[in-house]
Amino acid sequence: MQMKLDGKIGIGQTIMLFMLTVGITNHVTVIPLLLSAAGRDAWLSVLIGAIPFVGWACLLAFITSHLRQESLHAWIKRTQSKWARNLLLGPVVFALYMMALVHLIDTQTWTTVNYLPRTPEWFTALVLVVFCVIAAYGGISPLGITSGVILPFVSILGFFIAFGNIPKKDYTLLLPFLQNGMEPVLHGLVYVGGGFTEMIIVLLLQHHVRKPLRLAHYIAMLIIAIVLTLSPLTGAIAEFGPIESTRQRFPAFEQWRLLSIGKNFENMEFFAIYQWLSGSFIRISLCLFLMVELMEIINPHKKIYTLVFLGFSMIAFTSLPFSDMHFMTFLSKVYYPLFMTLILVITLCIAGLVLSNRNRKRDTNHGS
């Protein structure tokens with residue numbers, strides 16, 4: 001089978017990019033916030049929160065079908081004024097930057113706490129960002145190929161940890177329901193929504209896909225996001241209990257510490273390093289790539305300079321003197337509520353413009 005060299009990716013590669021990009025944040029960043037907000041009922045927040053996002057997936061599919069594989073920024077540039085384009089795409093670029101920055105900070109913290117305590121934090125961030133800048137400069141096709149290579153191993157390790165710890169799980173710890181009422185569950189919806197709205201990256205990627213994305217693809221990716229959130233979340237509660245799991249900074253990683261094979265194989269959490277860094281690499285690289293594309297920087301020299309500037313500005317932000325407690329407070333009080341609101345409003349605005357443009361064309365055709 002000959003590989004197509006058209007600079008585009010297949011639908012399967014798109015889904016794999018999505019799984020690595022969104023899966024890492026749903027595994028890592030969202031879960032501790034969910035557990036802190038909803039405790040034992042955090043998994044109910046995921047199931048309840050998924051219901052309205054089925055409608056949002058339909059909205060993304062509606063927009064995609066009317067773009068006809070034209071890039072979103074090109075369509076807005078062609079159909080709207082310059083100020084409307086800046087008003088819509090400026091916040092999207094900012095959201096992508098924050099997606100990459102927040103995860104870089106989380107990765108830096110996890111690396112320092114767990115296996116490189118004496119390595120300067122700026123150095124670990126620098127190494128990761130350099131590789132991400134190079135990958136983003138290479139384009140979407142290499143990123144799609146890379147995701148196809150590393151995701152199978154990430155998935156195998158995911159099943160390995162999920163099934164390997166079954167003897168240590170007690171799913172009765174997920175009960176009783178709603179012990180503290182609905183308020184904690186509703187509080188957790190903010191973080192669930194913040195994770196699900198990252199599906200916006202698929203809309204930004206749709207023009208790079210060889211075949212048009214359909215509603216079934218968006219629904220499939222939403223289901224994947226739900227599973228990627230529920231599996232480690234329920235696993236953490238079942239293994240550590242609702243109280244201990246809320247105290248953990250990285251519950252998904254802590255599950256690796258419990259895994260052992262017989263009496264001779266223990267301390268296999270190094271597998272989690274591969275999982276985490278694979279997702280981090282794809283997530284940050286993809287965000288950098290999309291930012292430069294939305295800014296319409298085509299010149300190779302300007303492109304590399306912009307990527308280097310964006311990457312090193314993130315390193316500068318990670319070097320600011322703030323504690324992990326301040327960072328978690330920022331995520332729970334500012335980042336996720338703002339991110340979810342921003343993406344939902346922008347999506348609704350774009351859908352409104354698409355609908356208005358379709359009606360305008362229909363009136364023009366009837367008039368002629």
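Everything numeric here is computed off the predicted structure, so don't read it as measured data. We number each residue from 1, following the sequence as shown.
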Is the number of heavy atoms from other residues, nucleotides or ligands within 6.0 Å of CZ (Phe330) greater than 12? yes

When rounded to the nearest 0.5 Å, the distance separating CZ of Phe18 from CD1 of Ile15 is 9.0 Å

Test side-chain contact (heavy atoms from CB on, under 4.5 Å) on Met295 and Leu310 and set out the steps. CA-CA 12 Å; Met295 289 187 283; Leu310 291 171; 4.0 Å; yes

Distance (rounded to the nearest 0.5 Å) between His187 NE2 and Leu33 CG: 9.0 Å

Do Phe289 and Leu307 touch side chain to side chain, with heavy atoms closer than 4.5 Å? no

Test item: side-chain donor near acceptor, Ser323 and His326, under 3.5 Å: yes

Residue pairs passing the side-chain hydrogen bond (donor to acceptor under 3.5 Å, both in side chains) test where at least one lies in residues 282-295, sequence neighbours excluded: Glu198-Arg283, His207-Glu293, His208-Glu293

Minimum-distance pair of heavy atoms, taken over all atoms of Cys287 and Ala100: CB-CB, 3.9 Å

Measuring from atom OG1 of Thr229 to atom CG of Asn26, what distance do you get when rounded to the nearest 0.5 angstrom? 3.5 Å

By the rule that ILVMFWY residues connect when side-chain heavy atoms come within less than 4.5 angstrom, directly or transitively, which residues belong alongside Phe159? Phe163, Ile166

Just by distance, no angles: are the side chains of Thr246 and Ser36 close enough, under 3.5 Å, to form a donor-acceptor pair? no

Do Ile140 and Leu286 make a side-chain contact, defined as non-hydrogen atoms from C-beta onward lying under 4.5 Å apart? yes

Cationic N near anionic O, under 4.0 Å, Arg257 to Glu239: no

Separation between CE of Met98 and CG of Leu342, rounded to the nearest 0.5 Å: 11.0 Å

Of all pairs that satisfy ring pair (Phe, Tyr, Trp, His ring centres under 6.0 Å), the ones with a partner from residues 25-72, not counting sequence neighbours: Trp43-Phe177, Phe53-Trp56, Phe53-Phe196, Phe62-His66

Ser313 side chain to Tyr97 side chain, donor-acceptor N/O pair below 3.5 angstrom: yes

Should Glu254 and Arg249 count as an ion pair when the cut-off is N to O under 4.0 Å? no

Classify the side-chain pair Trp256/Gln275 by whether it contains a donor and acceptor separated by less than 3.5 Å. yes

Between Trp276 and Phe271, does the ring centre distance come in under 6.0 Å? no

Please answer whether the main-chain N or O of Ala162 pairs with a side-chain N or O of Lys169 as donor and acceptor at a distance below 3.5 Å. yes

Exercise: do Thr25 and His103 side chains pair donor with acceptor under 3.5 Å: no

Any side-chain heavy atom of Leu128 sitting closer than 4.5 Å to one from Ile284? yes

I'd like to know whether Leu47 forms a side-chain contact (heavy atoms from CB on, under 4.5 Å) with Leu230, so could you lay out the CA-CA distance, the side-chain angles of the two residues, the decisive distance to 0.1 Å, and finally the verdict. CA-CA 9 Å; Leu47 294 178; Leu230 275 180; 3.7 Å; yes

Taking atom types as modelled and ignoring hydrogens, do the side chains of Thr64 and Tyr218 form a donor-acceptor contact shorter than 3.5 angstrom? yes

